[in-house]
2 protein chains.
Amino acid sequence: MNEANSCPMDPLLQRITGRWTTYILWLLANEGPLRFGALMALMPKISAKVLTDRLRTLERNGIVLRTQKPTIPPEVSYELTPHGHDLETALHSLHRVALKWHELGWVEDEGFPDAAVTLKDKVLAD
Amino acid sequence: MNEANSCPMDPLLQRITGRWTTYILWLLANEGPLRFGALMALMPKISAKVLTDRLRTLERNGIVLRTQKPTIPPEVSYELTPHGHDLETALHSLHRVALKWHELGWVEDEGFPDAAVTLKDKVLAD
DNA sequence: GTAAGTAATTACCAATTGGTTACTAGTTAC
DNA sequence: GTAACTAGTAACCAATTGGTAATTACTTAC
């Protein structure tokens with residue numbers, strides 16, 4: 001587990017992390033199956049192109065299942081596969097951290113309000 | 001928590017996920033403080049430029065602490081801040097999934113060997 | 001007859017990201 | 001005297017990513 005080559009964490013992270021990817025997984029884990037349009041509505045800043053790309057990749061990886069009714073207009077929904085459900089514990093754990101940090105007033109690229117204590121470099125005397 | 005605006009998951013994920021970022025956090029969580037060179041050795045494919053960038057961002061966000069001895073040659077090491085330690089439970093949970101999927105033979109962009117069951121689109125009759 | 005609704009895909013362009021090479025500093029070992 | 005050691009930084013270029021607008025298909029409502 002000490003060499004990147006043999007550590008299974010790296011390939012996993014490459015596929016489930018990244019802009020939007022983990023958030024999509026969290027939404028599916030937390031809310032259950034969602035239609036394409038519902039996912040778009042839950043992520044106002046994402047474009048259809050990127051959402052499609054992320055869902056296709058997750059599908060290829062066996063993490064998300066796509067279900068379509070070939071009607072017009074089409075109705076397509078997405079849910080976690082049985083394997084995808086393996087991620088739920090970790091996602092809920094991350095969510096707990098998110099809530100905690102939110103309460104603490106954590107801000108992106110500014111850190112925590114108590115930053116004076118934790119943010120600065122430590123410089124050890126020579 | 002249903003609107004992306006108000007959901008604290010999105011800002012958290014934006015800062016701790018992404019190529020290499022989560023893996024760096026996992027290494028620091030799992031192995032303790034590590035020097036720059038040790039991190040490079042554990043990630044043969046990362047470049048110094050990218051590693052520096054990821055560490056700087058994590059530092060700005062109060063998740064990683066940088067400690068330097070101003071000697072020559074310099075000695076710099078990185079560790080999780082107290083807040084950074086909040087992520088340990090989630091990271092270990094992800095690691096458990098990584099081990100399980102690895103055992104199941106999961107392959108990036110090919111999914112699981114039992115893909116026939118989970119990978120294909122479901123098409124519901126009209 | 002015309003517009004709306006859904007889940008995309010395509011093409012094109014702009015922005016962001018990442019790779020590579022060279023360079024730095026002061027001490028120690030050869 | 002010269003090379004190695006460490007943790008970067010800067011400059012430049014190539015590759016990847018993402019945004020936007022246009023388009024599709026058929027049905028239903030106005």
Side-chain angles (χ1 to χ4, degrees), chain A residues 4 10 13-24 27-28 33-60 64-79 108-109 120-126, chain B residues 4 10 13-24 27-28 31 33-61 64-79 108-109 120-126:
Chain A
D10 186 48
L13 293 173
Q14 269 185 59
R15 280 313 172 201
I16 69 162
T17 72
R19 189 77 187 103
W20 297 122
T21 306
T22 318
Y23 193 58
I24 291 167
L27 291 175
L28 296 178
L34 290 170
R35 294 182 57 176
F36 186 86
L39 284 165
M40 286 290 287
L42 288 167
M43 294 176 283
K45 301 257 186 72
I46 203 175
S47 68
K49 178 187 172 180
V50 171
L51 179 55
T52 300
D53 174 82
R54 299 300 185 273
L55 290 168
R56 291 279 179 282
T57 300
L58 289 168
E59 199 194 356
R60 272 204 315 279
V64 157
L65 175 68
R66 189 186 117 112
T67 307
Q68 59 169 316
K69 284 192 201 162
T71 54
I72 287 179
E75 186 177 326
V76 182
S77 65
Y78 298 89
E79 64 196 294
E108 283 172 273
D109 285 343
K120 309 277 182 199
D121 279 10
K122 228 190 300 186
V123 180
L124 303 179
D126 201 351
Chain B
D10 186 48
L13 292 173
Q14 269 186 59
R15 280 314 173 201
I16 69 163
T17 72
R19 190 76 188 107
W20 297 120
T21 306
T22 318
Y23 193 59
I24 291 167
L27 291 175
L28 295 177
E31 319 229 349
L34 289 170
R35 295 182 57 177
F36 186 87
L39 284 165
M40 285 290 288
L42 289 167
M43 293 175 282
K45 301 256 187 74
I46 203 175
S47 69
K49 179 186 173 181
V50 170
L51 178 55
T52 301
D53 174 81
R54 300 298 185 271
L55 290 168
R56 290 282 178 281
T57 300
L58 290 167
E59 199 193 357
R60 273 204 316 280
N61 281 290
V64 157
L65 175 68
R66 189 187 116 112
T67 308
Q68 60 169 315
K69 285 191 201 165
T71 53
I72 287 179
E75 187 176 325
V76 182
S77 65
Y78 296 89
E79 64 195 294
E108 283 171 90
D109 284 344
K120 308 278 182 199
D121 279 11
K122 228 190 301 185
V123 180
L124 304 180
D126 200 349

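Quick note on labels: first sequence line is chain A, next is B, and so on, each numbered from 1. Scope of the values below: all heavy atoms of this structure, side chains included, with no hydrogens, waters or symmetry mates.
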Start at the 5' end of DNA chain D and walk down; is the nucleotide closest to Ala38(B) or to Lys49(B) reached first? Ala38(B)
Minimum-distance nucleotide to Val76(B) side chain [options: dG8(D), dG18(D), dG19(D)]: dG8(D)
Winner on side-chain proximity to Arg54(A), out of dG18(C), dG8(D), dG18(D), is dG18(D)
Can you identify which nucleotide, out of dA8(C), dA7(C), dG26(C), has its nearest atom closest to the Ile72(B) side chain? dG26(C)
Taking dA7(C), dG8(D), dT6(D) as options, the one with an atom nearest any side-chain atom of Pro73(B) is dT6(D)
Are the side chain of Asp53(A) and the backbone N or O of Lys49(A) linked by a donor-acceptor pair below 3.5 Å? no
Between P of dA8(C) and CD of Glu59(A), the distance in whole Å: 9 Å
Length of the NZ-C1' vector between Lys69(A) and dC26(D), whole Å: 17 Å
Measure from CG on Leu51(B) to P on dG19(C) and round the result to the nearest Å. 11 Å
Heavy-atom donor-acceptor pair, Arg66(B) side chain to Arg56(B) backbone, under 3.5 Å: no
Please give, in whole Å, the distance from dT9(D) C1' to Met40(B) CE? 14 Å
What integer distance in Å separates Ile46(B):CD1 from dA7(D):P? 14 Å
Between Thr22(A) (side chain only) and Ile16(A) (backbone N and O only), is there a donor and an acceptor less than 3.5 Å apart? yes
So does Ser47(B) get a side-chain nitrogen or oxygen closer than 4.0 Å to the phosphate oxygens (OP1/OP2) of dG18(C)? no
Against the side chain of Arg56(A), the closest entry in dG8(D), dA8(C), dG18(C) is dA8(C)
I want to confirm an ordering. Mapping Phe36(A) and Val50(B) to their closest nucleotides on DNA chain C, which one lands closer to the 5' end? Phe36(A)
Considering only heavy side-chain atoms of Arg35(A), the closest of dA7(C), dA25(D), dT20(D) is dA7(C)
Calculate, to the nearest 0.5 Å, the distance between atoms CD and CZ belonging to Glu108(A) and Arg60(B) respectively. 10.5 Å
Within less than 4.0 Å of OP1 or OP2 of dA8(C), is there a side-chain N or O belonging to Thr52(A)? no
Phosphate oxygens OP1/OP2 of dA8(C): is one of them under 4.0 Å from a side-chain N or O of Arg66(A)? yes
Apply the side-chain contact (heavy atoms from CB on, under 4.5 Å) test between Trp20(A) and each candidate in Leu27(A), Ile46(A), Leu55(A), Leu51(A); give the one that qualifies. Ile46(A)
To the nearest Å, how far apart are Trp20(B) CH2 and dT17(C) P? 17 Å
Separation of dT9(C) P from Leu55(A) CG (nearest whole Å): 10 Å
Rounded to the Å, how far apart are Gln68(B) CD and dG8(D) P? 8 Å
